[in-house]
K.L.:
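Quick one: structure below, then a few questions.
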2 protein chains.
Amino acid sequence: MKDVISILRHCGIQPTPQRIAVVEYVLKNKSHPSADEVLSSARKRCPTVSRATVYNTLNLLVEKGLLAMQTIKEGAVVFDSNLEKHHHFIDMDTGRIYDISWDQLQVKGKEKLKEFEVTEFQVIMRGRKKKG
Amino acid sequence: MKDVISILRHCGIQPTPQRIAVVEYVLKNKSHPSADEVLSSARKRCPTVSRATVYNTLNLLVEKGLLAMQTIKEGAVVFDSNLEKHHHFIDMDTGRIYDISWDQLQVKGKEKLKEFEVTEFQVIMRGRKKKG
DNA sequence: TCTTATTTTAGACGCTGTCAAGACTTTTCG
DNA sequence: CGAAAAGTCTTGACAGCGTCTAAAATAAGA
Ligand SMILES: [Mn+2]
Ligand SMILES: [Mn+2]
Ligand SMILES: [Zn+2]
Ligand SMILES: [Zn+2]
């Protein structure tokens, strides 16, 4: 994986310590963190970083297409470093969100929806992750 | 459709004027309103109804299985009087949410997800509704 | 009626997310 | 190099969502 500084430079974003702290965490993280979790983690590396800067950086990353935003959980939007198309499974006990790769599910019938022009879709599943 | 008072009685919920105002609106509404929209509408019928009562009533209905809660839109949870299994289409221009009946789409492959026990799922689509 | 249980209300609270203003840093350029 | 400009960060305020509490209002029961 390319290092964070060159990723930012490549997108015309100046790599500041605060942004690096945010990006380092959020882009290497597969756990779909909320903005608040990103803030906490970024503060470990850069204790003075503010909430506004975290939101600014996250929104910037989303704008540049380096990060996806998902609204699949109550209470707060969640950020997703997985840029491939994929589906989601939400464990109802733990709240954890798991990625389900695109080709594991097949969805048929969208073409038949005459009134709707579907530009994106995903399957959202809820249940329990089996142990082990 | 059964009248609201007997629905409430049948579930052991005392039908008060406030609850009737809320339930009357939310159970007959196909437009996936937010709690705030429910509050506004309930106040037309019962101008003094409070925010807490609206939330209490909505949560009660969800608990009793008379109403579904969907977290598919940013900013606020949305309430769904359609209790049949179904999918959703979200118009990215207007924000409106449309129901897609269950048999219009087929989702295959869930059984093959060995690590996950799927108890519910739906397809969420985004795009534009065609005019006319 | 008196007593008790249920319901409603207003307001406070904590959380999410945005915004404006000023401070601070980094470039640009004389 | 120093001054001005541009870019960035922080703070604090703000608005909306959703929950909670305490007190008032209402209904139910004896
Ligand atoms: Mn955002
Ligand atoms: Mn709720
Ligand atoms: Zn994901
Ligand atoms: Zn629906």
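Sequence lines set the chain letters: A, B, ... in the order given, protein chains first and strands last, and positions in each chain run from 1.
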K.L.:
With a 4.0 Å cutoff (strictly under), does any side-chain N or O of A:Asn56 reach OP1 or OP2 of C:dG17?
P.N.:
no
K.L.:
Once you apply a heavy-atom cut-off of 4.0 Å, does A:Thr48 come out as touching a base, just sugar-phosphate, or nothing?
P.N.:
sugar-phosphate
K.L.:
Could you check which of C:dC19, C:dG17, C:dT9 has an atom nearest any side-chain atom of A:Arg51?
P.N.:
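Closest of the options to the side chain of A:Arg51: C:dG17.
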K.L.:
Looking only at atom types and distance, does a side-chain atom of A:Arg43 sit under 3.5 Å from a main-chain N or O of A:Val49, one as donor and one as acceptor?
P.N.:
yes
K.L.:
Between A:Asp91 and A:Lys129, does any NZ, NE, NH1 or NH2 come within less than 4.0 Å of an OD or OE carboxylate oxygen?
P.N.:
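Looking at A:Lys129 and A:Asp91, the cut-off is not met.
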K.L.:
So, is A:Tyr55 close to the C:dT18 phosphate, meaning a side-chain N or O under 4.0 Å from OP1 or OP2?
P.N.:
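For C:dT18, OP1/OP2 do not have a side-chain N/O of A:Tyr55 under 4.0 Å.
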K.L.:
Testing A:Arg128, A:Lys131, A:Lys130 one by one against A:Asp93 for a salt bridge (charged side-chain N to carboxylate O under 4.0 Å, His left out), which residue passes?
P.N.:
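Testing A:Asp93 for a salt bridge (charged side-chain N to carboxylate O under 4.0 Å, His left out) against A:Arg128, A:Lys131, A:Lys130 leaves exactly one candidate, A:Arg128.
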K.L.:
What's touching nucleotides 5-7 of chain D from the protein side, N or O pairs under 3.5 Å?
P.N.:
from: D:dG7; atom 1: O3'; to: A:Gln14; atom 2: NE2; distance (Å): 3.2

K.L.:
Tell me which of B:Ser50 and A:Val77 sits closer to the 5' end of DNA chain C, going by the nucleotide each one is nearest to.
P.N.:
B:Ser50
K.L.:
Testing A:Glu24, A:Arg19, A:Gln18 for side chain to side chain contact (heavy atoms under 4.5 Å, CB included) with A:Cys46, which one passes?
P.N.:
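The option that passes is A:Gln18.
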K.L.:
Expressed as a whole number of angstroms, how long is the span from A:Asp36:CG to C:dG14:P?
P.N.:
15 Å
K.L.:
What integer distance in Å separates B:Ile20:CD1 from C:dT8:P?
P.N.:
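It is 10 Å, rounded to the nearest whole Å.
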K.L.:
Using the ring pair (Phe, Tyr, Trp, His ring centres under 6.0 Å) rule, collect all pairs that involve residues 100-126 of chain B, keeping only residues at least two apart or in two chains.
P.N.:
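Residue pairs passing ring pair (Phe, Tyr, Trp, His ring centres under 6.0 Å), neighbours aside: A:Phe89-B:Phe116, A:Tyr98-B:Phe116, B:His87-B:Trp102, B:Trp102-B:Phe121.
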K.L.:
Expressed in angstrom and rounded to an integer, what is the separation of B:Leu60 atom CG from D:dG18 atom C1'?
P.N.:
16 Å
K.L.:
Can you tell me how far C1' of C:dT8 sits from CZ of B:Arg45, to the nearest Å?
P.N.:
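Atom-to-atom, B:Arg45 to C:dT8, this comes out as 19 Å.
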K.L.:
Is B:Thr16 touching bases, backbone alone, or none of the nucleic acid, heavy atoms closer than 4.0 Å?
P.N.:
sugar-phosphate
K.L.:
Rounded off to whole Å, could you give me the CG-to-P distance for the A:Leu39 and C:dG17 pair?
P.N.:
12 Å
K.L.:
Counting only side-chain heavy atoms from C-beta out, which of C:dT9, D:dC9, C:dT16 sits nearest to B:Gln18?
P.N.:
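My answer, after comparing the listed nucleotides, is C:dT9.
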K.L.:
What's the NZ-C1' distance between B:Lys73 and D:dG16, to the nearest Å?
P.N.:
15 Å
K.L.:
Nearest whole Å is fine: how far is D:dA27 C1' from B:Ile13 CD1?
P.N.:
17 Å
K.L.:
Just by distance, do the side chain of B:Ser41 and the backbone of B:Val38 share a donor-acceptor pair under 3.5 Å?
P.N.:
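Not a single qualifying donor-acceptor pair exists.
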K.L.:
Using modelled atom types only, decide if a donor and an acceptor are shared between the side chain of A:Lys108 and the backbone of B:Leu105 within a distance under 3.5 Å.
P.N.:
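Checking the backbone N and O of B:Leu105 against the side chain of A:Lys108, no donor-acceptor pair under 3.5 Å is found.
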K.L.:
Select base, sugar-phosphate, or nothing to describe what A:Ala76 touches, counting heavy atoms under 4.0 Å on all strands.
P.N.:
sugar-phosphate
K.L.:
Would you kindly give the CD-to-P distance between B:Glu63 and D:dT19, to the nearest whole Å?
P.N.:
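The answer, rounded to whole Å, is 11 Å.
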